[in-house]
Amino acid sequence: MLNFDKDRFIKIQSGAVSFAGEARALMHRLLADGVERLYFMGTGGVQLLTLPAIELAERRTSFPVRGEYPAQVVLDPPAGLDRKSLVVIPSLSGTTRESVQLLSFLKEKGVRTLSLTGHSDTPLAREADFTFTNFAEDDTSSESFYLQSLLIVLALLAERGEYEDFDATVAELKRLPELLVGAKAAYENSAAKLADTIKNETYHIFTGAGSVWPQAYYYGMCILEEMQWIRTRPVHAADFFHGTLELVEPGVSVFLFKGEDASRPLGDRVENFIRRYTDKVHVLDAASVELPGISPAVRKLISPIVLATLLERVSAHLEVLRNHPLTTRRYYKRVEY
């Protein structure tokens, strides 16, 4: 596979899954100590990677689980942000300015914090009340943060008696890193062809629903816009027919992501429409990926992880074909803003 280190990938994703026991023990401790609310507060793309876990919680429990933007919270905090809250702060670098400012703000209010970082000797890792560090880099961080946030919510549900299969699910997830390598290898030729097809496109619509909607948003904003300077329009499949459909015409590129959860019919509806009006339809379907030994119940939980791992292969080829490394930036962390 192009520019891919199998051993490194497996080590990073296995590290993310290893968080399961620590997450369960922490949830047990904090619930016993009176925590009544859970927030995920990440900056930029990493916050999008927590959205499937937040949505899972919203569907499975009445325990309040929400997402907030750090930069907004320090200006206008939500009600109930106090000692009875746990705030999870994910940051690959551990140095994200808005998240570091948030941590200081939360400490002053006595809010308990859990940082998820890719580097240990960083402000967020050192100064949060609790921390989990799993080394990762941009090309491996999506799956890692998806898994960590999923495990936090599953641990919460399990401790509340709302998810009986925690241990069995973790056992399956331990198999996932190797299986994802197989998925990448099986998709490599398709990824190369897709990258070649879209290398000169200047605009894409991205859509999806349920757990894969955040991946549509993430890939459009964080990969194509930030890392390739290509304009995109991410839109939730439930809203596709309330505005964005009018932009679909021959020659318009549309990416549709399909998962395996209850929201799949929303993607089917979009697909039935776009295939009638544009010749540039790109469907990535988690259900098409072979994952031996992964149960249907767990597959429903990991659709965004599966799509993220396929799309990394597209990105690897795209940066070469466009002669535009994914690390190239004009403004991000290069100028004052």
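What you are looking at is a predicted structure, and each value in this text was computed from that prediction instead of being measured.
- The shortest side-chain heavy-atom distance between H317 and N3 does not fall under the 4.5 Å cut-off.
- Note on I205 and Y277: same hydrophobic cluster, where clusters join Ile, Leu, Val, Met, Phe, Trp and Tyr whose side-chain heavy atoms are under 4.5 Å apart, directly or indirectly.
- No side-chain donor from either of S253 and E201 sits under 3.5 Å from a side-chain acceptor of the other.
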- Passes ring-ring contact (aromatic ring centres under 6.0 Å, His included), F273 versus F241? Steps please. CA-CA 9 Å; F273 175 82; F241 297 98; 5.4 Å; yes
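- Follow the hydrophobic side-chain contacts under 4.5 Å out from L56 and you reach L116 in the same cluster.
- Of the charged side-chain nitrogens involved, none lies within less than 4.0 Å of a carboxylate oxygen, so that K193 and D196 do not count as a salt-bridged pair.
- Checking side-chain atoms of T278 against main-chain N and O of I274 turns up no donor-acceptor pair under 3.5 Å.
- Within the 4.5 Å cutoff, no side-chain heavy atoms of I198 are placed close to those of I230.
- Comment: R112 engages D33 in a salt bridge, judged by a side-chain N to carboxylate O separation of less than 4.0 angstrom.
- In this structure a side-chain-to-backbone donor-acceptor pair under 3.5 Å is missing from E159 to A155.
- Judged by the 6.0 Å and 45° rule, R24 forms a cation-pi pair with F166.
- Closest heavy-atom contact between P70 and G42: CD-O, 3.1 Å.
- In summary, the side chains of T43 and S99 do present a donor paired with an acceptor at a separation below 3.5 Å, with no hydrogens or angles considered.
- A donor atom on one side chain and an acceptor atom on the other are found under 3.5 Å apart for T131 and S115.
- Of all non-hydrogen atoms in S211 and P52, the two that sit nearest each other are O-CG, 3.5 Å.
- Taking the six-membered ring where the residue is Trp, Y219 and F206 present tilted rings, their angle falling between 30° and 60°.
- Looking only at side-chain heavy atoms (C-beta outward), L26 and I152 stay at 4.5 Å or farther from each other.
- In the model, Y187 has no side-chain atom that pairs as donor or acceptor with a side-chain atom of T309 under 3.5 Å.
- Formation of a donor-acceptor pair under 3.5 Å by the E290 side chain with backbone atoms of A183 is not found in this model.
- The shortest side-chain heavy-atom distance between K107 and L103 falls under the 4.5 Å cut-off.
- For T117 and T133, the side-chain atoms include at least one donor-acceptor pair closer than 3.5 Å.
- For N272, the CG atom counts as densely surrounded, since its 6.0 Å shell holds more than 12 non-hydrogen atoms of other residues, nucleotides or ligands.
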- Message: Apply salt bridge (Lys or Arg N to Asp or Glu O under 4.0 Å) to residues R126 and D121 and explain how you reach the verdict.
- Response: CA-CA 7 Å; R126 290 193 304 264; D121 189 20; 2.8 Å; yes
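- If you check the side chains of E172 and S295, you find a donor sitting under 3.5 Å from an acceptor.
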- S144 vs Q148, side chain to side chain donor-acceptor pair (under 3.5 Å): CA-CA, chis, key distance, verdict: CA-CA 6 Å; S144 179; Q148 291 172 58; 2.8 Å; yes
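- Remark: side-chain polar atoms of Q101 are not paired, donor with acceptor, to backbone N or O of A71 under 3.5 angstrom.
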